[in-house]
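Encoded as structure tokens, the structure appears first; notes follow it.
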2 protein chains.
Amino acid sequence: MLSLQKLMDQVRHAGLRVTRQRTLILQALCELDGHAGAEEIHRRLALHQRDVDLSTVYRNLEALRDVRILSQTDLGHGWAEFEVVGDRPHHHLVCQRCGHVQELDHACLDAMGDTIRDRYGFEPILDHWAIFGLCAACRAVDSGT
Amino acid sequence: MLSLQKLMDQVRHAGLRVTRQRTLILQALCELDGHAGAEEIHRRLALHQRDVDLSTVYRNLEALRDVRILSQTDLGHGWAEFEVVGDRPHHHLVCQRCGHVQELDHACLDAMGDTIRDRYGFEPILDHWAIFGLCAACRAVDSGT
DNA sequence: ATAACTGCAAAACTTTTGCAGGAGT
DNA sequence: ACTCCTGCAAAAGTTTTGCAGTTAT
């Protein structure tokens, strides 16, 4: 469970101000406990009579992403999705056949991250990945047929 | 180098018709030899007095992607980028600050792919990735200030 | 006090769609 | 001939921006 209190400390520590809107946006993301797009957050806040302008939502998602409090992912829905960066980075292996999802050890990505840092001087953001493919069970079915 | 001839055979074989516009779009993508967005292709064709309507470019990119002649990637520029499939697999490092894009050696991902296969029995699809983060130049600016 | 932030409205952008005519097989 | 494809124009949808006023530090 994520503590809104701690998140707001992070916000302050990042040099950003703790505003009503910022707090509400992060609260919504915590409650949703997963990915959400700007429009979805805006709609949710409106439902709770906690109006925050859509442009403010966009500006905040960008700002919070820049200071690494949020991570941004494109799930091919046609809009950007955001998520609170947790204590431990988590990743998922998603089976394209059966939809089964399993967690992926962060170490698998870390090794690649180190290589990228060393060879390219590029600091990769590996907070949250979804890797698509075929799970063991579906591969077995495939080779059986 | 990619042969336009062979590409058009693929087009026909996929059940699509070989039209002037389709050919020009694929030719442009071959010449650009890399990823390009719809607008960029459209602009390039216009420069060469080979007018193809922008909506036609979009419709073709989608159709060619659906039959796997093109691959689609989001490089975080705000638009979709397309590329001819069949080249050696390669990936992109995209700077979240300045938008700069550099190529990433497939070997870096391959090692991770092997680990995932070995440890999870999961067959990951690692054809074409975009990894976001901070490029060397932007990291230098950050540590400077 | 001062710099950051917000709401509002309008615009910028990419991408999609309806339709009538044109082109490939 | 039979579909598929294209151009045109208009719209849909997401995201950005200018600006004046408000708020956090």
Side-chain angles (χ1 to χ4, degrees), chain A residues 5 7-28 35-46 49-67 69-70 72-82, chain B residues 5 7-28 35-46 49-67 69-70 72-82 96-99 132 145:
Chain A
Q5 201 68 260
L7 276 178
M8 299 326 289
D9 284 348
Q10 282 184 252
V11 167
R12 194 176 287 106
H13 188 260
L16 298 176
R17 294 181 177 173
V18 176
T19 65
R20 184 184 72 95
Q21 292 85 345
R22 202 103 83 189
T23 310
L24 285 168
I25 288 167
L26 281 172
Q27 186 179 19
H35 309 96
E39 182 64 41
E40 187 176 354
I41 293 170
H42 179 249
R43 202 169 48 241
R44 184 185 174 85
L45 293 178
Q49 346 281 4
R50 297 275 188 280
D51 284 313
V52 176
D53 193 76
L54 183 56
S55 70
T56 300
V57 174
Y58 274 104
R59 279 191 272 231
N60 274 298
L61 291 177
E62 185 185 353
L64 293 168
R65 188 249 293 148
D66 283 348
V67 299
I69 289 174
L70 298 181
Q72 179 175 350
T73 318
D74 183 358
L75 299 180
H77 291 156
W79 58 81
E81 309 247 7
F82 294 82
Chain B
Q5 200 68 260
L7 276 177
M8 300 326 289
D9 284 349
Q10 281 184 253
V11 166
R12 194 177 286 109
H13 189 258
L16 299 176
R17 294 183 176 170
V18 176
T19 64
R20 184 183 71 95
Q21 293 84 345
R22 204 102 83 188
T23 310
L24 285 170
I25 288 167
L26 281 173
Q27 185 178 20
H35 49 82
E39 180 64 43
E40 188 176 352
I41 292 169
H42 179 250
R43 201 170 48 240
R44 184 185 173 85
L45 293 179
Q49 345 282 3
R50 297 275 187 280
D51 284 314
V52 176
D53 192 77
L54 183 57
S55 71
T56 301
V57 174
Y58 274 105
R59 280 191 272 230
N60 273 298
L61 292 176
E62 185 184 353
L64 294 168
R65 186 247 291 144
D66 284 348
V67 298
I69 289 175
L70 298 181
Q72 180 176 349
T73 317
D74 181 2
L75 295 181
H77 289 158
W79 59 81
E81 309 249 5
F82 294 82
Q96 225 164 33
R97 181 77 48 86
C98 68
F132 295 83
T145 28

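Values below: every heavy atom of this structure, side chains too, minus hydrogens, waters and symmetry copies. The sequence lines fix the lettering, A, B, ..., with proteins before strands; numbering per chain opens at 1.
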Atom-to-atom span, [atom1] of [X] to [atom2] of [N] - whole angstrom:
X: B:L24; N: D:dC5; atom1: CG; atom2: P; answer: 16 Å
X: B:E62; N: C:dT14; atom1: CD; atom2: C1'; answer: 14 Å
X: B:Q72; N: C:dT14; atom1: CD; atom2: C1'; answer: 12 Å
X: A:I41; N: C:dT6; atom1: CD1; atom2: P; answer: 14 Å
X: A:E81; N: D:dT14; atom1: CD; atom2: C1'; answer: 13 Å
X: B:Q21; N: C:dG21; atom1: CD; atom2: P; answer: 18 Å
X: A:H42; N: D:dG13; atom1: NE2; atom2: C1'; answer: 15 Å
X: A:N60; N: D:dT15; atom1: CG; atom2: P; answer: 15 Å

- Closest heavy-atom pair, A:T23 versus A:T19, reported as atoms and distance to 0.1 Å, is OG1-O, 2.8 Å

- Shortest non-hydrogen pair, B:L45 vs B:A28, comes out as CD2-CB, 4.1 Å

Mind checking if [X] touches a base, just sugar-phosphate, or nothing, with heavy atoms under 4.0 Å?
X: A:G37; answer: nothing
X: B:A80; answer: sugar-phosphate
X: A:L54; answer: base

For the side chain of [X], starting at C-beta, report the closest nucleotide among [options].
X: A:V18; options: D:dT6, D:dT25, C:dG7; value: D:dT25
X: A:Y58; options: D:dC5, D:dT15, D:dC8; value: D:dT15
X: A:S55; options: C:dT15, C:dT6, C:dC8; value: C:dC8
X: B:W79; options: C:dT15, D:dG7, C:dT6; value: C:dT15
X: B:E39; options: C:dG7, D:dG7, C:dT14; value: C:dT14
X: B:R12; options: C:dT25, C:dT14, D:dT14; value: C:dT25

- Query: If you find the nucleotide of DNA chain C closest to B:D53 and the one closest to A:R20, which residue's nucleotide is nearer the 5' end?
  - Reply: A:R20

- Item | Inter-end axis angle, the helix from C:dA1-D:dT25 to C:dA12-D:dT14, with every axis fitted to five base pairs (rounded, 10 degrees) | 40°

- Message: Check this for me: does the side-chain of A:R17 come within 3.5 Å of the base of C:dC5 through a donor and an acceptor?
- Response: no

- Does the base of C:dG7 carry an N or O that pairs as donor and acceptor with the side chain of A:R59 under 3.5 Å? yes

- Check the pair A:R20, A:L24 against side chain to side chain contact (heavy atoms under 4.5 Å, CB included), reporting the backbone distance first and the verdict last. CA-CA 6 Å; A:R20 184 184 72 95; A:L24 285 168; 3.6 Å; yes

Could you list the donor-acceptor pairs under 3.5 angstrom formed by side chains in residues 35-42 of chain B, with sequence neighbours left out?
unit_1 : atom_1 : unit_2 : atom_2 : d
B:H35  : ND1    : B:E81  : OE1    : 3.0
B:H42  : NE2    : B:V52  : O      : 3.2

- Query: Are B:Q10 and B:L7 close enough, and set up right, to give a side chain to side chain contact (heavy atoms under 4.5 Å, CB included), and what steps lead you there?
  - Reply: CA-CA 5 Å; B:Q10 281 184 253; B:L7 276 177; 3.5 Å; yes

- Note on the structure: Rounding to 0.5 Å, atoms CG (A:L70) and CD (A:E62) come to a distance of 11.5 Å

- Query: What is the distance from atom CZ of B:R22 to atom CG of B:L64, rounded to the nearest 0.5 Å?
  - Reply: 6.0 Å

- Indicate whether OP1 or OP2 belonging to D:dC5 is found under 4.0 Å from a side-chain N or O atom of B:T56. no

- Just wondering, are more than 12 heavy atoms of other shown residues or ligands nearer than 6.0 Å to CZ in B:R50? no

